[in-house]
Amino acid sequence: MLQFILRRIAISTLILFLGSVLMYVLTINSADPLQDLRESRAENREQLMQARINNMGLDLPWWQRYLGWLTGVSKCFVLQCDLGTTRDGSDVNALLLSSAGASLRLVTVATFLAIFIGVALGVLSAIRQYSGFDYVITFGAFLFYSLPVFWAAVLLKDFGAIRFNNWIADPAVSTTATAVVALLFALALASLLGGGLRRQLVTGLITFVVVFGFVFAFDEVNWWVQPALGLPLILVGALGALGFMLVMTVGLANRKILYAGLVTIGLGLVSYVVLGPVLEDPANWWVILALVGVTVLVGAAVGWVMGGYERRTAMVVSVGTALGMAFLIFMDRLLRGWAGFLELAGNRPVSTIGENRIIPERFTGDFWESIFNWGVQLVLPTIVLTLISIASYSRYTRGSMLETINQDYIRTARSKGLSDRVVFTKHALRNALIPITTIVAFDFAALLGGAVITETIFGWRGLGAMFRLGLDTVDPNPVMAYYLVAGGAAVMMNMLADIAYASLDPRIRR
Amino acid sequence: MAVVAAGALALAGCTSDSGSEDSDTAAEGGGGEEDMSGETGDSGEGSEDSEDMGGEEGDTARADLGDVTPNDDSVSFSSGAEEYNAYNGNTAATNSTYNAVVNNQLQSGFWYWGTDGTIYPNEWFGSYEKTSDDPLTVEYTISDDAVWSDGTPITSNDFLLDWASTNPESMGGAEELGFDPVSTWSTYATEGLETEPGSKEFTVVYPEPYPDWEIAVSGPLPAHVAAEQAGLEPDELAQAILDGDAETVSQVSEFWNTGWLFPNYQVEDEALVPSSGPYTLEGAAWESGNQLALVPNENFFGPMPATGNLVYKFAAPETHVQALQNGDINVIEPQATVDTRQQLEGMGDMVAVEDNQQMTWEHLDFNFAESSVFSDENGGLAAREAFAMCVPRQNIIDNLIAPIAEDAQVLNARERFPFMEDYQELVDASYDGRYDEVDIEGASAKLEEAGLDNPEVRIGYSAPNQRRTEQVAQIKSSCDEAGFNIVDAGNPDFFEAGGTLESGDWEVALFAWAGSGQIASGEPIYSTGGSQNFGGFSNEEVDAAWDTLASSVDPEVHMEQLKVIEKALWDELYGIPLFTHPGIVGYDSTLENVRPTSVQTGVSWNADQWVRAS
């Protein structure tokens, strides 16, 4: 294994090196770096040109410029990276750090969301192969996969920012809109749950009524401006989380585990009341993290005490349920901060550009409101990135899942009388996910590098923006810094995928 | 205030409705402008400015808002994605428009550009007077109230450093001193400043007459900061400069080059960047990569800024229009295209749109090299005249420019623009309107006279550029009728070193010069052997006139010589001016005092006056 990794690293380094030569040469030959000065009539035009030639070493042959860059980069081995300066003298190291930070924030959420939703949709559409649900997901996947990012992003800004802001100033949902939303939910759920026509009708009708009721009620209480979940919704959500955990593990067969989950929810309710003052305005994220830690501990303890012979499963279920409930309580508090944030943002909460709605230094709101300050700015670009990744995830997962389902051992599992739930979650899903690891790794690397357009349109100063700026000014240093990160990430993720693959799939272990 | 508000509203109303009554800053003054100049009349200072300059150009100067107290509001502006990164914008590495837009608010000086390129003095900063023509001598007096935001008075020390840093030659050479400046005025004032350290007065003597003396001395950087950082007393540094003590002066060059930069996009030590302008970095909020909010300079000695937070957003131009609609950026200066104009106008009353003419102007230049059909060996003047007759200038304006800027017109001069006061005078004296109308028959006759049969004319430009491609297409459709064979020779490396322009594979070059507002900056373009005289034009009369112009400081002489030059350029046909580039400004219609300018500083030239109607 070690030999394998070392060989991979050696090959990857070589590829990175060759790629960097190619990238460098392509960049410096992409246009005329003095373009903007040539039509200038400034008196000191010649001197400006000369200064830029000196700054960027334009009079040197390409290999000398490249070697200069390489020398700086090779200092990375002694932890003193010198990525050079941009055309106007700013430090690329600092630029890279801040850009990478922004890009990671953007890409991380998008990647996790995309994996979670994409895999779930893929599995569901594989299970319901050739159903209406499957067709809709397939259609949507191809639609989003082929969506031009710049167009989708601009549209999203128009609807998600400009019109949303106009709407939130005086929010009201018309009855028609409510009905349409409810109808969409009804159709989705009915086709997802499947069954005979009669059953689908009933599901659809119930969903319609429930969703319609909710939206109507939200509208009545002006929920859009003063949202909150409230105890009942938290409770419903927590039960949902418990249900999900049970479905994924043992079902209702083991009553002890069910009771452990219920006790966890009960403890959650108690803590909701007790911890109210702390959650009013927590000092910082450490408080939240500490509470998460406590949640996990309590959940694990309940599972351990009540689990009986299936102690481990009970712990998993309890912890999962506890975390789900904690998340809901967190969201409840967060939503309560919305009204305050709206006020701070002058009733235009979503900005079309930038990483923060209000300059952080000037932001006066409390902990929850400050989450909105950067959180809302994350929403739109994340939607764009997620939509595109979801498409590919759902397709791959569906294919992989179908292949697994049709294998002999699944038929065997069914024929010995296992329920659908056990067959799908325990036997099929785990094996179907193995190929997905490769795609996740690829996708993460590609997202880092491929967010150029999204970043530009949403005014994020990420790696993509740095790359673009460098290319626009025919300035190799930022472009190469981008290359180092994007190329490095691709190579690294590839390797991680290979290693993960080896450890997940015993067949390829040698 | 109410009058201005009403004016702004009226202006906003008319722009979004029809767009037909857009204000013409230059020639007539639109509704908004008139109201503002009405305000100007109320108090002394503003109107005095314009009287001093001998014109009634009050509406190209800054409006006088009277006593202003900064409010708590914030107004945002974006000049593009490039981030501010240097308090010292005079080094070779940092001299850029995106530094300038911010530094303009931090560093004030003796004068500013009006919206048409007129030079207006900042009377609150100080005064200056030309006391002698031979040798050219200018006396400067800095206002007693003028202080840096840290309380240090602005004195001759600051200007001495300004001079020394931008003029290494006079003090032992660039290597000796170590400054890395873009050259400026001081290379003309080789003798240095006559003054005492720490004085409020100084005198500049130019050994050679220098027509652009008035814009030569502007706003300095804080010398006391540089001196302290180098371990010197401020007066000690000033004395060293006066004494020509290069060794001492060179101690500050390191700091001058690098100490006023923000490589991490943060102000690390606010004490190093005091302000002499309406806003300051001290207490500003800077979110790296996104935005920079300047705050008012409490110690400012001039008119206080109107708005409490001036926010610069570093956002790519393609995001500007939507950001304006959403209120994220309040003032934008997008690329002037028909699309942007329609988009902005489609936003209704929320957004006001104004267009104007920039100092950048498009033109067709002939190639006088031997291989060209227009050279005197080949077709000569007759061929050039034939071409000038068939170029459909009015059509080009009507089709390509008028949809963007209502007041677009054919440009008939090279050294003055239609929005300038003396444009008409110059045109009247130099051009009789002979190429106003397309004359195909005349062109054919001239072509015959030149002895050319269906000559190939390659029009070169830097591609891709849609507007220029369309211009060439229109010229082709007209001139091919007259017997030319026009070839679109646009290519990406037209302007590059070793590109088409240098190799001479063109008969006509189509490009634009960005006017600088300087008086003698046209010399390298039109004089024999000039560095920007790409076509190789040569005319003794023109050369002599430029010599006279460049060695005079008298505006009347300048005008007189310009008439000679322009007439010769028309008669001999150096090239054909086409139009000034249109500019568009879109802004939140609740804002007052947003005024486009033709000068390269851009719409933020008076950003300290922007204020939301209360």
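Only heavy atoms go into these numbers, but all of them, side chains included; no hydrogens, no water, no symmetry mates. Note on naming: letters A, B, ... go to the chains in the order of the sequence lines (proteins, then strands), and numbering restarts at 1 for each one.
- Of the listed residues (A/T456, A/I457, A/V154), the one with the most heavy-atom contacts under 4.5 Å to chain B is A/V154.
- Taken to the nearest 0.5 Å, the NZ atom of B/K313 stands 7.0 Å off from the CD1 atom of A/I359.
- Summarising the geometry of A/I358 relative to B/Q291, their closest heavy-atom pair is C-NE2, 4.4 Å, with the distance given to 0.1 Å.
- No side-chain heavy atom of B/D493 sits less than 4.5 Å from a side-chain heavy atom of A/D32.
- Proximity of a side-chain donor or acceptor of A/E361 to a complementary backbone N or O of B/E287 within less than 3.5 Å is not detected.
- Within the 4.5 angstrom heavy-atom criterion, no atom of B/S96 approaches chain A.
- Within a 6.0 Å sphere centred on CG of A/N29, heavy atoms belonging to other residues, nucleotides or ligands number more than 12.
- For A/R362 against B/G283, the heavy-atom pair with the smallest separation is NH2-O, 3.1 Å.
- Proximity to chain B is absent for every atom of A/D472, based on heavy atoms less than 4.5 angstrom apart.
- With a threshold of 4.5 angstrom between heavy atoms, A/R468 approaches chain B through side-chain atoms but not through N, CA, C or O.
- No more than 12 heavy atoms of other residues, nucleotides or ligands lie within 6.0 Å of CH2 in A/W151, so this atom counts as exposed by the packing criterion.
- Checking side-chain atoms of A/R461 against main-chain N and O of B/F314 turns up a donor-acceptor pair under 3.5 Å.
- Inter-residue side-chain proximity for A/K157 and B/N326 is flagged as unmet; no heavy-atom pair is nearer than 4.5 Å.
- With a threshold of 4.5 angstrom between heavy atoms, A/A31 approaches chain B through N, CA, C or O but not through any side-chain atom.
- Between atom CG of residue A/L155 and atom CD of residue B/Q322 there is a gap of 8.5 Å, rounded to the nearest 0.5 Å.
- Of the atoms belonging to B/E318, it is side-chain heavy atoms, and not backbone ones, that fall under 4.5 Å from chain A.
- Taking the side chain as every heavy atom from C-beta outward, A/L95 and B/Y265 approach each other to under 4.5 Å.
- Contact of B/Y98 with chain A is made through the side chain alone, with heavy-atom distances under 4.5 Å.
- Considering every non-hydrogen atom in both A/A94 and B/N264, the closest pair reads CB-OD1, 3.1 Å.
- Remark: B/Q266 engages B/S288 in a side-chain hydrogen bond (donor to acceptor under 3.5 Å, both in side chains) (not counting sequence neighbours).
- With a threshold of 4.5 angstrom between heavy atoms, B/V295 approaches chain A through side-chain atoms but not through N, CA, C or O.
- Contacts of A/S98 with chain B are absent, with no heavy-atom separation under 4.5 Å from either backbone or side chain.
- For B/N85, the part lying under 4.5 angstrom from a heavy atom of chain A is the side chain only.
- Contacts with chain A were tallied for B/I329, B/N309, B/T91, B/L261; B/N309 has the most, counting heavy-atom pairs under 4.5 Å.
- Heavy-atom proximity under 4.5 angstrom to chain B picks out A/R348, A/V350, A/S351, A/T352, A/I353, A/G354, A/E355, A/N356 from residues 338-356 of chain A.
- For A/I162, the parts sitting under 4.5 Å from any heavy atom of chain B are the backbone and the side chain alike.
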